[in-house]
Protein chains: 2
Amino acid sequence: MEQLLRIAPLFQGLTQNDLLPIANASRKVFCAAGQQLFIEGDPAIQFFLVLKGSVRLYRLTHDGKEKVIEIIRTGETFAESVALLDRPYPVCASAIETLEMIAIPAEVIKAQVKQNTGLALKMLASLSMRVHRFVNDIHALSMSTAQQKVAGYFLAFLSEDMGEQCIQLPSTKALVAARLGLQPETFSRVLGRMKDQGVIREENAQVIVLAPEKLRQLRDE
Amino acid sequence: MEQLLRIAPLFQGLTQNDLLPIANASRKVFCAAGQQLFIEGDPAIQFFLVLKGSVRLYRLTHDGKEKVIEIIRTGETFAESVALLDRPYPVCASAIETLEMIAIPAEVIKAQVKQNTGLALKMLASLSMRVHRFVNDIHALSMSTAQQKVAGYFLAFLSEDMGEQCIQLPSTKALVAARLGLQPETFSRVLGRMKDQGVIREENAQVIVLAPEKLRQLRDE
DNA sequence: GGAAGGACTTGACGGCGGTCAAGGCAAGCA
DNA sequence: TGCTTGCCTTGACCGCCGTCAAGTCCTTCC
């Protein structure tokens, strides 16, 4: 269990002694694809580390549609921030694919943070990173055109490198579209236009970026 | 100086001993309206507590327009999250009105967090709150219509109460519009429509919500 | 008082993207 | 092979919002 916990940046560099009480209190969780983990408003009694699969964090709008806030992938943690406050979950969560996770009780992490400065610093760093990512997201969301959003999204996956690069989309296109605040139809049209312009190519569920430079140009309008 | 620091939730409940090294290293800063505090990419050597006035955090899009990420008001802190990571500021900041702040060196807060569990917990709570607010923002930004955005924005200022309530807009309407990802014209039109419907009234730069219930209805479409 | 400038409002128009609908395409199954 | 189901694509249409422009109100300053 300790070895599994160390997958998360949160727990890397902690001593075995530090990790032991957390490992003892945690348990493995398995979920079928599509299964609900919790809904908005549920008491936040635990947080999660994803070992395998991916999770959709979303909110329901008042007219019943869902807005994807974040997609959590293998190796990432989620809901750490709520585990520290005595507040209910601010989002719903459900499994995109078959899921393997570790559930860590909020009480244990709260107690450990109080004793263990190292862990507290790790958590601060992790939350700070999340704040940064949200700042990026808010910026991206308020960028005007659909093309810019998509270009920005793809660019976030690329290395600095200039050559052809391959992107594995997390789950379905419709979900990525939702993540970007777009309709599936619009997303499809944007991809089509990019293909016409020779910026990308598609090959068995992967997007191949032929010209990162052009992509950057599209984002910058 | 210690008394001033205690304005922020971050420093409430700390002992005088805890606060002293922070107070000694910090200094007061005054700014004229419109002045730049830092720009995106600057090294984050300090963070700020606003004593008086308000601050605009924004990003420049590639075509030169600016997108407001957050408006910081009296009594709030900003850039705490970056002070902990060794990363540059992810946004630009400039004074909206004449400004009075305390600048706190990143080094000092980093050192204190390592020694002082209480402060670490406060910072964790503060960051968690910020994450929550961003989740709300992302949700609000992706809500479709301008009317829903404005209604949601106003509702965030109201108490549970049902009666008439008064909202003091932070700075100008144009800035609030930018915050919501709207043009000033659109914002003005939405306000006009709400006035026609008897949902709000305006009175010397204040918005008076006549019918919170109707506002909620508008947000929920 | 009069000019100047800024904040806000109002109107007209056009484009982007959401919505609805139909069709293509692959996988699974009898 | 034919049917079904789910995911994606493509087309047509329309409404919202951004843009441009003009006009109003208020403050400031000479």
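Please read these numbers as outputs of a predicted model, since none were measured by experiment.
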Which nucleotide in the list [options] gets nearest to the side chain of [X]?
X: A/Ala146; options: C/dG17, D/dT19, D/dC8; answer: C/dG17
X: B/Thr172; options: C/dT9, D/dT9, C/dC8; answer: C/dC8
X: B/Glu202; options: D/dC8, C/dT9, D/dC17; answer: C/dT9
X: B/Ser188; options: C/dT9, D/dC17, C/dC20; answer: C/dT9

Which whole-number value in Å describes the distance from [X] [atom1] to [N] [atom2]?
X: A/Leu169; N: D/dC7; atom1: CG; atom2: P; value: 15 Å
X: B/Arg193; N: C/dC8; atom1: CZ; atom2: P; value: 19 Å
X: B/Glu185; N: C/dA7; atom1: CD; atom2: P; value: 13 Å
X: A/Leu180; N: C/dC16; atom1: CG; atom2: C1'; value: 16 Å
X: A/Lys195; N: D/dT10; atom1: NZ; atom2: C1'; value: 12 Å
X: B/Gln147; N: D/dG15; atom1: CD; atom2: C1'; value: 14 Å
X: A/Gln148; N: D/dG18; atom1: CD; atom2: C1'; value: 14 Å
X: A/Leu191; N: D/dC7; atom1: CG; atom2: P; value: 17 Å

- Item | Short side-chain N/O contact to D/dG18 OP1/OP2 from B/Thr186, under 4.0 Å | yes
- May I ask you to evaluate whether B/Lys149 reaches the phosphate of D/dC17, defined as a side-chain N or O under 4.0 Å from OP1 or OP2?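 Answer is no, no contact under 4.0 Å.
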- Item | Side-chain heavy atoms of A/Arg27 within contact of A/Gln46, under 4.5 Å |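 Sidechains of A/Gln46 and A/Arg27: in contact.
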- Task: Spell out yes or no: do the side chain of A/Gln183 and the base of C/dC20 have one donor N/O and one acceptor N/O closer than 3.5 Å?
- Result: no
- Message: Tell me whether the side-chain N or O atoms of B/Arg189 pair up with the base of C/dG11 as donor and acceptor below 3.5 Å, since no angle test is needed here.
- Response: yes
- Query: Stepwise, does the side-chain hydrogen bond (donor to acceptor under 3.5 Å, both in side chains) test hold for A/Thr77 with A/Glu80?
  - Reply: CA-CA 7 Å; A/Thr77 51; A/Glu80 328 85 295; 3.3 Å; yes
- Task: On the 0 to 90° scale, with breaks at 30° and 60°, tag the B/Phe134-A/Phe134 ring pair as parallel, tilted or perpendicular.
- Result: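 Tilted.
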- Message: Could you tell me if B/Ser94 and B/Gln35 have a donor-acceptor pair between their side chains, going purely by distance under 3.5 Å?
- Response: no
- Item | Nearest-nucleotide comparison on DNA chain C, the residue closer to the 5′ end among A/Phe187 and B/Leu175 | B/Leu175
- Atom pair CG (A/Leu215) and CG (A/Leu158), whose distance is rounded to the nearest 0.5 Å: 6.5 Å
